[in-house]
Amino acid sequence: MRSAPGTHAWLLIILATSLVIAFSSQGLEQYLLHRTSSNLHELDRHPVQSLLLSAFWIENPASLPTYVLLFEIVHARVERGIGTARWLLVVTTAHIAATLVSQKVVLVRIENHDASRRMLHVVDIGVSYGLAASAGVLTYLVPGRWKWLYAAALTAFFAVPLATGGTFTDLGHAIALAVGFAAWPLTRGRRAWATVRAYGK
């Protein structure tokens with residue numbers, strides 16, 4: 001845990017917020033999910049707060065074990081490979097960029113009457129944008145030619161839903177992945193994969 005403090009601090013907060021959701025009444029649960037969402041309504045009223053809080057909640061507490069596994073496989077390895085500060089820069093940039101661009105698309109669709117005005121209050125929370133970005137960075141920590149196979153599979157995983165009538169969330173994932181791929185310069189000059197292997201056992 002000490003080798004990836006950011007990842008495990010993030011997980012601890014998500015555990016706490018998931019327990020709050022799990023033991024809340026249905027009314028309180030809906031209030032919390034909407035109040036901490038980075039939808040258009042909250043972005044207009046509380047832009048900084050909504051961008052920050054939305055990164056620490058998941059909609060379904062039952063999916064917490066899956067997120068724990070993904071954090072260890074993806075976030076922790078990237079944080080160990082490129083350092084906490086660089087990792088945090090990537091996931092923060094991806095979360096903000098993916099949220100703002102995808103919600104701007106929602107706004108344009110509402111203004112063009114292609115989407116319901118209820119989308120102003122849609123629940124838009126979760127950690128998946130940061131995960132998509134870290135998964136992109138992980139490409140450069142995979143040894144040898146395996147990195148290209150991994151990158152191709154990762155691209156297909158996020159591109160197929162987007163190309164087959166995806167939602168604003170699918171668009172956000174694609175943007176976050178692009179941020180991760182673009183973070184290649186942050187992996188230079190580090191013996192990243194050796195670090196990942198050393199602490200990933």
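Because only heavy atoms are used, hydrogens play no part in the values below, and waters and symmetry mates are left out as well, while side chains stay in.
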Any donor and acceptor pair, going by atom type alone, linking the side chain of [X] with main-chain N or O of [Y] inside 3.5 Å?
X	Y	answer
K147	V142	yes
T17	I14	yes
Y150	A135	yes
N112	R109	no
N60	A62	yes
R86	L186	yes
T139	F181	no
S116	M119	no

Are the side chains of [X] and [Y] in touch, meaning some heavy atoms are under 4.5 Å apart?
X	Y	value
L120	R117	yes
T36	S50	no
V106	V122	no
L162	V160	no
V90	S134	no
F71	H8	no

Rounded to the nearest 0.5 Å, what separates atom [atom1] in [X] from atom [atom2] in [Y]?
X	Y	atom1	atom2	answer
L107	S102	CG	OG	11.5 Å
S18	I13	OG	CD1	11.5 Å
L138	T187	CG	OG1	11.0 Å
R188	Y140	CZ	OH	12.0 Å
L28	L32	CG	CG	4.5 Å
I125	T99	CD1	OG1	11.5 Å

For residues [X] and [Y], report the shortest heavy-atom separation together with the two atoms involved.
X	Y	answer
E72	R77	O-CG, 3.7 Å
S3	P5	C-CD, 3.6 Å
A133	A94	CB-CB, 3.3 Å
P65	P61	CD-O, 4.4 Å

Under a 3.5 Å cutoff, is there a donor and acceptor pairing between the side chains of [X] and [Y]?
X	Y	value
Q103	D124	yes
S54	H95	yes
E79	T7	yes

Linked, directly or transitively: [X] and [Y] (ILVMFWY side chains, under 4.5 Å):
X	Y	result
I58	V91	yes
V74	W146	yes
L15	L33	yes
V137	V127	yes
L70	V78	yes

*Identify, with sequence neighbours excluded, every residue that meets side chain to side chain donor-acceptor pair (under 3.5 Å) alongside Q49.*
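By the side chain to side chain donor-acceptor pair (under 3.5 Å) rule, Q49 matches no residue at all.
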
_Any pair counted as ring-ring contact (aromatic ring centres under 6.0 Å, His included), so long as it reaches residues 22-51, sequence neighbours left out_ =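 Qualifying pairs: H41-H121.
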
*Would you call the rings of W87 and H75 parallel, tilted or perpendicular if under 30° counts as parallel and over 60° as perpendicular?*
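W87 vs H75 ring planes: perpendicular.
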
*Which residues satisfy the side-chain contact (heavy atoms from CB on, under 4.5 Å) test with L52, sequence neighbours excluded?*
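Checked L52 against side-chain contact (heavy atoms from CB on, under 4.5 Å); matches are F56.
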
*Would you check, one step at a time, whether the test side-chain contact (heavy atoms from CB on, under 4.5 Å) holds for L11 with V68?*
CA-CA 7 Å; L11 266 178; V68 171; 4.0 Å; yes

